[in-house]
Amino acid sequence: MDVQLAERVKALTPSTTLAITAKAKEMKAQGIDVIGLGAGEPDFNTPDHIIEAAYESLKDGQTKYTPAGGLAELKNAVIDKFKQDQGITYKPNEIIVTTGAKHALYNLFQVILNDGDEVIIPTPYWVSYPEQVKLADGVPVYVDGKESNDFKITPEQLEAAITNNTKAVIINSPSNPTGMLYSADELKALGEVAIRHNIWIVSDEIYEKLVYGDNKHVSIAELSPELKEQTIIINGVSKSHSMTGWRIGYAAGNAQVIKAMTDLASHSTSNPTSTAQYGAIAAYTGTQQPVEEMKKAFEERLNIIHAKLTEIPGVTCLKPQGAFYLYPNVTKAAELTGHANVDGFVTALLEEANVAVVPGSGFGTPPNIRLSYATSLELLEKAVDRIADYVKTNQKG
C-alpha cells in the first residue's frame, strides 16, 4: 500500500532526548556499561503518600471517567497552590488538568494558533516547543538567548522579533535545558513588551520547585493583574513530585482559552487518568517534605558535578540556578579531540566512553550538550570521569 502521511507530521523532528535515551538503553541491553545522562526525570520514586492515595482511590472504585478538564478537587488543590506559592487567585473555570504538562502545551497551541501565526521561542529551547507550534500550523520564531546573558533574551530582542503575525512568546523559567532563571525585573520588562503588542505569554513553570541557593522562582503572572490576564501558566507534578509517568499537568489562565482547551481534550483524551488525578491531589495537599528532600539531593549533586565538569579541558559551564540539568559549552573540547562539531563529540562519548548526553543542536544551540544530574552521585561522578578521560586520551597535537 502506498502510504500518504499528513503533511503536518512529515516536518516533525524526532525528540533528541528520547532518541539518545533509546540508544543508551539498546546498548545496555547488549551488555554495555552505559551511563545515561539524557533523561529528564527524577531518579526518586513517587512519594509513598501519593502512591497510597492513588491505591485507596482504586479500592474505593474511583476508576471511572472524570470531567474532561479534571476533577474539581484537583482543580481546587491547584488553585490553593497558586494562592500559597504565587499569591494569585484563579477560578475553577480558569484551570484545566491535562495528561501531562506537554499535553497542556499541545492543546494550548492548538486553540490559539491559526495558519501562519508566529510564536517566539527563545533558544536554547525545550525540544517539543517548535514541533508543537508547527503541528498547530504555527511558525516558530527563534530568538537567541545568548550564553553571555545566561541564555536569556532581552526586551529589545523580543521587541525586534515581534511582527503583525506574532501570537505568543514562550518563557521557560527555570529553563530546560539551561537551568537558568529570569528575575522579577527581567520578567516585568519582557511582560511590558508583550502587553504593548497584545501577545500571549506562555509561562512554562514545570521546574518551579527545583530552585537552588538564594535564587527564587517568580511567575510572570504574579507581577501585575495585566500580566496575569495575558499569561497562560503551564505546570504539573512530574518534576516536583517525581511523577513523570503519572502524566498529570495543568494550565491556568484566560477562561475562554481554558474552555477551548477543555473542549479539545473532550474529543481527544477524554480525561486525565482518574487514579493519577487522586495521586496529584495528595501531591499538593499532603506533606511537601519529599519535595524538599529531592531538591536538597539535586543541589548537592549540582555543586559537586559542576565543579568536576568545569575542570575538563575545553569545557565551560554556567552554574544552573534550577531544574536538574547542566548545559556546558563543549566546542573547544570537541576541537581538542578532533571532531568537526559537537554532535560528533557526543557520538564518540556514547560509543567510546559509554556516556549518553544530549547534543545542544536538539535545543537550538549546537555548541552545548545537556547532562541530567537526576541520577545517583556515584554514577554522575563516574560519568564525568569518563568524559574527562576521553578528552585527555584523545587530545590531538
Side-chain angles (χ1 to χ4, degrees), residues 39-86 88-108 204-210 219 232-253 255 257-295 374:
E41 61 180 350
D43 54 312
F44 301 93
N45 195 18
T46 303
D48 288 344
H49 71 283
I50 297 173
I51 295 172
E52 185 63 27
Y55 177 56
E56 289 298 326
S57 77
L58 290 171
K59 291 200 297 181
D60 290 343
Q62 305 294 345
T63 57
K64 310 301 182 184
Y65 292 125
T66 77
L71 290 165
E73 302 97 309
L74 181 49
K75 287 189 177 187
N76 287 332
V78 170
I79 289 169
D80 289 343
K81 171 249 175 284
F82 278 118
K83 287 179 183 176
Q84 179 176 321
D85 293 347
Q86 280 79 39
I88 49 181
T89 302
Y90 288 100
K91 300 174 183 176
N93 67 344
E94 296 173 317
I95 304 286
I96 177 176
V97 180
T98 55
T99 309
K102 182 180 285 191
H103 178 217
L105 281 163
Y106 181 87
N107 274 16
L108 173 61
D204 183 348
E205 303 178 13
I206 192 70
Y207 293 96
E208 68 155 331
K209 296 293 184 181
L210 300 176
S219 172
I232 307 293
I233 294 177
I234 306 294
N235 209 329
V237 293
S238 290
K239 315 297 184 179
S240 58
H241 293 79
S242 196
M243 295 175 68
T244 50
W246 297 64
R247 309 312 303 134
I248 295 294
Y250 53 86
V257 171
I258 297 300
K259 182 181 184 304
M261 292 173 66
T262 305
D263 290 344
L264 179 58
S266 73
H267 290 294
S268 54
T269 55
S270 291
N271 60 266
T273 302
S274 58
T275 305
Q277 290 188 69
Y278 284 100
I281 293 169
Y284 276 145
T285 60
T287 176
Q288 300 304 301
Q289 185 61 31
V291 178
E292 292 302 315
E293 290 173 358
M294 284 190 284
K295 175 182 168 181

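In what follows, residues are counted from 1 in the order of the sequence shown. The structure displayed is predicted, hence computed values, not measured ones.
Of the inter-residue distances, the one linking Ser268 atom OG with Tyr106 atom OH reads 8.0 Å to the nearest 0.5 angstrom. With rounding to the nearest 0.5 Å, the separation of OG1 in Thr46 from CD1 in Ile51 is 5.0 Å. Here Ile96 contributes atom CD1 and Ile234 contributes atom CD1; the two are 9.5 Å apart, rounded to the nearest 0.5 Å. Once rounded to the nearest 0.5 Å, the distance linking OG of Ser240 with CD of Glu208 reads 7.0 Å. Between Leu264 atom CG and Asn107 atom CG the span is 4.0 Å, to the nearest 0.5 Å.
Considering only heavy atoms from C-beta on, Val78 stays 4.5 Å or farther from Tyr90 through its side chain. Side-chain atoms of Met243 and Ile50, non-hydrogen and from C-beta on, do get closer than 4.5 Å to each other. Between Leu74 and Tyr250, the closest side-chain pair of non-hydrogen atoms is not below 4.5 Å. Contact check for Asn93 versus Ile258: no side-chain heavy atoms found under the 4.5 Å cut-off. The side-chain heavy atoms of Thr98 and Pro272, taken from C-beta on, include no pair separated by under 4.5 Å. When side chains are defined from C-beta on, His103 counts as touching Thr269, because their heavy atoms get closer than 4.5 Å. Under the 4.5 Å side-chain criterion, counting only non-hydrogen atoms from C-beta, Leu105 is in contact with Asp204. Contact annotation: the side chain of Thr99 never approaches that of Thr273 to less than 4.5 Å [non-hydrogen atoms, C-beta and beyond].
When only modelled atom types and interatomic distance are considered, Gln86 and Ser219 share no side-chain donor-acceptor pair under 3.5 Å. Side-chain polar atoms of Gln288 and Lys209 form no donor-acceptor pair below 3.5 angstrom. Under the 3.5 Å distance criterion, with hydrogens and angles disregarded, no donor-acceptor pair is assigned to the side chains of Glu41 and Ser238.
Residue Asp80 qualifies as enclosed at atom CG: its count of foreign heavy atoms under 6.0 Å is above 12. Atom NZ of Lys102 has 12 or fewer heavy atoms from other residues, nucleotides or ligands within 6.0 Å.
Summarising the geometry of Gln289 relative to Thr287, their closest heavy-atom pair is N-OG1, 3.1 Å, with the distance given to 0.1 Å. The two residues Pro67 and Asn271 come nearest to each other via the heavy atoms O-CB, 3.5 Å. The heavy-atom pair separating Gly279 from Trp246 by the smallest distance is CA-CZ3, 4.1 Å. Taking every heavy atom of both residues into account, Ala283 and His241 meet most closely at O-NE2, 3.1 Å. Nearest approach of Asn235 to Ala101, heavy atoms of both residues: O-CB, 3.7 Å. The two residues Ala374 and Pro42 come nearest to each other via the heavy atoms CB-CA, 4.0 Å.
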Q: Please test Ile233 against Ile88 for side-chain contact (heavy atoms from CB on, under 4.5 Å), starting from the C-alpha separation and ending with a verdict.
A: CA-CA 12 Å; Ile233 294 177; Ile88 49 181; 4.2 Å; yes
Q: Start with the C-alpha gap between Val97 and Ile248, add the side-chain angles, then the distance that decides, and say whether side-chain contact (heavy atoms from CB on, under 4.5 Å) holds.
A: CA-CA 7 Å; Val97 180; Ile248 295 294; 4.1 Å; yes
(Q) Test side chain to side chain donor-acceptor pair (under 3.5 Å) on Gln277 and Thr66; report intermediate values, then the result. (A) CA-CA 9 Å; Gln277 290 188 69; Thr66 77; 3.0 Å; yes
Q: Apply the test side-chain contact (heavy atoms from CB on, under 4.5 Å) to residues Met294 and Ser242: give CA-CA distance (whole Å), side-chain angles for both, the deciding distance (0.1 Å), then the verdict.
A: CA-CA 9 Å; Met294 284 190 284; Ser242 196; 3.7 Å; yes
Q: Could you give me the CA-CA distance, side-chain angles and deciding distance for Val237 and Tyr284, then say whether side-chain contact (heavy atoms from CB on, under 4.5 Å) is met?
A: CA-CA 9 Å; Val237 293; Tyr284 276 145; 3.9 Å; yes
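Sorted by first and then second residue, the ring-ring contact (aromatic ring centres under 6.0 Å, His included) pairs with a member in residues 44-64 read Phe44-Phe298; sequence neighbours excluded.
The pair Lys75-Glu94 does not meet the salt-bridge criterion, since no charged nitrogen lies less than 4.0 angstrom from a carboxylate oxygen. Contact check on Lys59 versus Glu56 returns a salt bridge, with a Lys/Arg side-chain nitrogen under 4.0 Å from an Asp/Glu carboxylate oxygen.
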